[in-house]
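Below is one structure, written out as structure tokens, with a few remarks after it.
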Protein chains: 4
Amino acid sequence: MNLRERKTAKKKEDILRSASLVISRKGFRQTTMEDIAAELLMTKGSLYYYFKNKEELLFYCHEHILTTVLDKLRKIKQQDITSSEKMKAAIKIHLDTAIREREIFNLAIKPEQIFSGDHVEVIVQKLDEYAELFDQLILQGIQKGEFSVVQKKMARMIILGAANWIQVWYSPEGEFSKEEIEQVYADYLLKILK
Amino acid sequence: MNLRERKTAKKKEDILRSASLVISRKGFRQTTMEDIAAELLMTKGSLYYYFKNKEELLFYCHEHILTTVLDKLRKIKQQDITSSEKMKAAIKIHLDTAIREREIFNLAIKPEQIFSGDHVEVIVQKLDEYAELFDQLILQGIQKGEFSVVQKKMARMIILGAANWIQVWYSPEGEFSKEEIEQVYADYLLKILK
Amino acid sequence: MNLRERKTAKKKEDILRSASLVISRKGFRQTTMEDIAAELLMTKGSLYYYFKNKEELLFYCHEHILTTVLDKLRKIKQQDITSSEKMKAAIKIHLDTAIREREIFNLAIKPEQIFSGDHVEVIVQKLDEYAELFDQLILQGIQKGEFSVVQKKMARMIILGAANWIQVWYSPEGEFSKEEIEQVYADYLLKILK
Amino acid sequence: MNLRERKTAKKKEDILRSASLVISRKGFRQTTMEDIAAELLMTKGSLYYYFKNKEELLFYCHEHILTTVLDKLRKIKQQDITSSEKMKAAIKIHLDTAIREREIFNLAIKPEQIFSGDHVEVIVQKLDEYAELFDQLILQGIQKGEFSVVQKKMARMIILGAANWIQVWYSPEGEFSKEEIEQVYADYLLKILK
DNA sequence: GATGAATGAGCATTCATTCAT
DNA sequence: CATGAATGAATGCTCATTCAT
């Protein structure tokens, strides 16, 4: 990658970061290209130099976040700790992502309504891998005798659903700190698996 | 209420029902007046005979559903059964609503972004009452010694969040029936309170 | 004219009167059929029983007022008083009409923009007769030696224009009474003719 | 102001000029954004690049004309000529504006029906200054002994009203030239003040 | 005769997208 | 590369008009 390419790549990342930020604030349905450009002190026309269209920008935006969080999850899976500890860590990471990137898991609802063609597939594949990782953690826990849940997939749905909902009510000014909340959520959701 | 008024009331309900349906399919941000009208084989102009504007239509749409589900919850609260049974019943009703009226609880996210003035207040008040009812069920359970959860509000958030998420993945063609799912959800979520 | 016809005629007049009222308040561009109907505690559909369409309603509305004021002017012309007195009386009547029927003379601006076909002709013919009557009063005054204005038509335009403008600023709560204003206007405008 | 800004400013002026033109022809109630755009061989969407909305476009349109004519009036006031000559010059300018910008003084009728918030204030303030300038000319004339009118404000109303009305009937193809008309109007209206 | 209901054309406005410079 | 400018499709809303009952 030469200098020019690196510069372009850097700019693309800047755009994605800003886009994520605006989307977190306004919701991705409400976010216009103008909004994203304004955040970067650019004009919206320029965005089209880096991304073919809005959908593509949104795609990379979400893809980037999903990739990042997936990496974190994979690392947790390989750590040498109990399944309970792994699951708690995974839940905390999920909560963290849901809070920071408010809208990210909302697109899981109907990716095909937002993305088209190949993009859907990539997103769906990542979301599937995401779910699969949680399922594996649960399965490991069962095999080790730590968990005893029967409906593994539904348990996973419950855990992720509960965690996603945090974006609706969490506020930095709230009664509890992010860390306290994450601790309680992790503890309570673990009960489901026991 | 005379015949004509009944007819109008009926028509309004028809519109609300159809609107709910379209909203469930497309999400309420994506639903246009045209969409709603088309579902009813009307023209969009006609909708304005019954509702002042889109926001009002959306408001009554949601208000109606919330009122219905609140009624059901209140009845449960007064039944002569254990707190665990009440909570399970409440969860099942919530799941049922979340499945049938896919978008309904999504507006809980930011009612003030969708509704204006008095409408926000009504919606917020209903949502508060909704939460309050769940909190009361939890408190009763604790007082009766059935539940022992400490962070009551967070537990409620977890339960409702988990249940809301069902709209994302439930399908009538899925592996499990709605009843089976409701049963599992109710059982698993109860663990959090124990 | 039998009873039924008389009833219809009466109703038509009621509508015209109410329409005039609403038009005075809101301006005829802003007045909707709904507004007119509401004033009469009718529904707008009913208006179409009496008038083919909005334009026709507006036409009769204006035609009625013009006819009335024309009658008054003709009577003044035939009175046995000086030309100055006649002109003063005519000005007062014009002012009176301009105040009461705020919008009436505004349609003189471009009747063909508002009315179509035959209606334009009738209105234009009445407006012409209206102008003609003023011109005759001026001519009489000149012949009697009371007036000495040279540009008769322009003088008439000035007089009527000045009087029309009263609708813009006259208010019953103002500093001067309608009668005082009419007196001053008549006196001052007479100077032009002298 | 660099080249680009000058170009934008020029375009804005072009739009305002075209808008004025269309408004003169159709009246500002009847003028649609489409009409204005068509006159400029643009699409209506483009207008929104230069003006926030229709009201703002209309505002600047009127504000520009009022500012221009106010400047001219102020200059006349400071000239070293008799009050009669000043008043005649002022009347001619007013007539000129009324003819060229047909609709401009019609908004004086009810600015608050057309403009909102700050815009009303600006317009009303300009209209007030406009009236004030005429009043001052009249007062000066009285002090110099040239005029002897008693009801100064009503005289001003009469003069401006008469002049406004010219837009209704003036046509370049008419019997008299614009200059002839202005001369006659100025002479005749002066009589009121004497 | 009167009304409730429905319609459709028209209008202001938004916004993703394009493109010449 | 970036931007200013323009476009056109979409959308909410209004309102004159129609018509069955």
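A note on names: the letters A, B, ... follow the listed sequences, proteins ahead of strands, and every chain is numbered from 1.
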- [ ] Using whole Å, report how far CD of A/Glu34 lies from C1' of E/dA16.
- [x] 11 Å

Task: Side chain to side chain, D/Ile15 and D/Tyr60, heavy atoms closer than 4.5 Å - done: no

TODO: Please check the phosphate of E/dT13 (OP1 and OP2 only) for any side-chain N or O of D/Lys52 closer than 4.0 Å.
DONE: no

- [ ] Just name whichever nucleotide pairs with E/dA20, Watson-Crick or G-U, keeping both distances under 3.5 Å, else none.
- [x] F/dT3

Open item on the list: Taking any heavy-atom pair under 4.0 Å as a contact, classify B/Phe51: base, sugar-phosphate, or nothing.
Closed with: nothing

- [ ] Considering only NZ, NE, NH1 and NH2 on the basic side and carboxylate oxygens on the acidic side, decide whether D/Arg17 and D/Glu39 come within less than 4.0 Å.
- [x] no

TODO: Quickly work out the D/Ile36 CD1 to F/dA6 C1' distance and round it to whole Å.
DONE: 17 Å

Task: Atom pair distance, as rounded to whole Å: CZ in B/Arg29 and P in E/dT14 - done: 17 Å

Open item on the list: Heavy atoms only, 4.0 Å cut-off, all strands: where does B/Lys7 land among base, sugar-phosphate and nothing?
Closed with: nothing

- [ ] By nearest nucleotide on DNA chain F, pick out whichever of D/Leu41 and B/Gln30 is the more 5' one.
- [x] D/Leu41

Open item on the list: Would you say B/Tyr50 places a side-chain N or O within less than 4.0 Å of OP1 or OP2 belonging to E/dA6?
Closed with: yes

Task: D/Ile15 CD1 - F/dA5 C1' separation (whole Å) - done: 11 Å

- [ ] Look at all strands and tell whether B/Thr32 reaches a base, only sugar-phosphate, or nothing, counting heavy atoms closer than 4.0 Å.
- [x] sugar-phosphate

Task: B/Lys11 side chain, from C-beta outward: closest of E/dT17, E/dA12, E/dA6 - done: E/dA6

Task: Check: D/Met42 main-chain N/O paired with D/Ser46 side-chain donor or acceptor under 3.5 Å - done: no

Task: Most 5' of C/Ser46 and B/Gly45 on DNA chain F, judged by nearest nucleotide - done: B/Gly45

Task: Enclosure of C/Tyr50 OH (heavy-atom neighbours >12, cutoff 6.0 Å) - done: yes

Open item on the list: Measuring only between side-chain heavy atoms, which start at C-beta, is D/Arg29 closer than 4.5 Å to D/Ile114?
Closed with: yes

Task: Position toward the 5' end of DNA chain E (nearest nucleotide), B/Thr43 or D/Glu55 - done: B/Thr43

Task: D/Leu58 CG - E/dA12 P separation (whole Å) - done: 10 Å

Task: Side chains of D/Asp35 and D/Gln30, donor plus acceptor under 3.5 Å - done: no

Task: Residue whose closest nucleotide on DNA chain E lies nearer the 5' end, C/Leu47 versus D/Met33 - done: C/Leu47

TODO: Calculate the interatomic distance between A/Tyr49 atom OH and F/dA2 atom C1'; express it in whole Å.
DONE: 10 Å

Task: Integer-rounded Å distance: E/dT3 P and B/Glu5 CD - done: 15 Å

Task: C/Tyr48 OH - F/dC19 C1' separation (whole Å) - done: 13 Å

Open item on the list: So if I take every side-chain heavy atom of B/Arg4 and compare against E/dT13, E/dG4, E/dT7, which nucleotide ends up nearest?
Closed with: E/dG4

Task: Below 4.0 Å: OP1/OP2 of E/dA5 and any side-chain N or O of B/Thr8 - done: yes

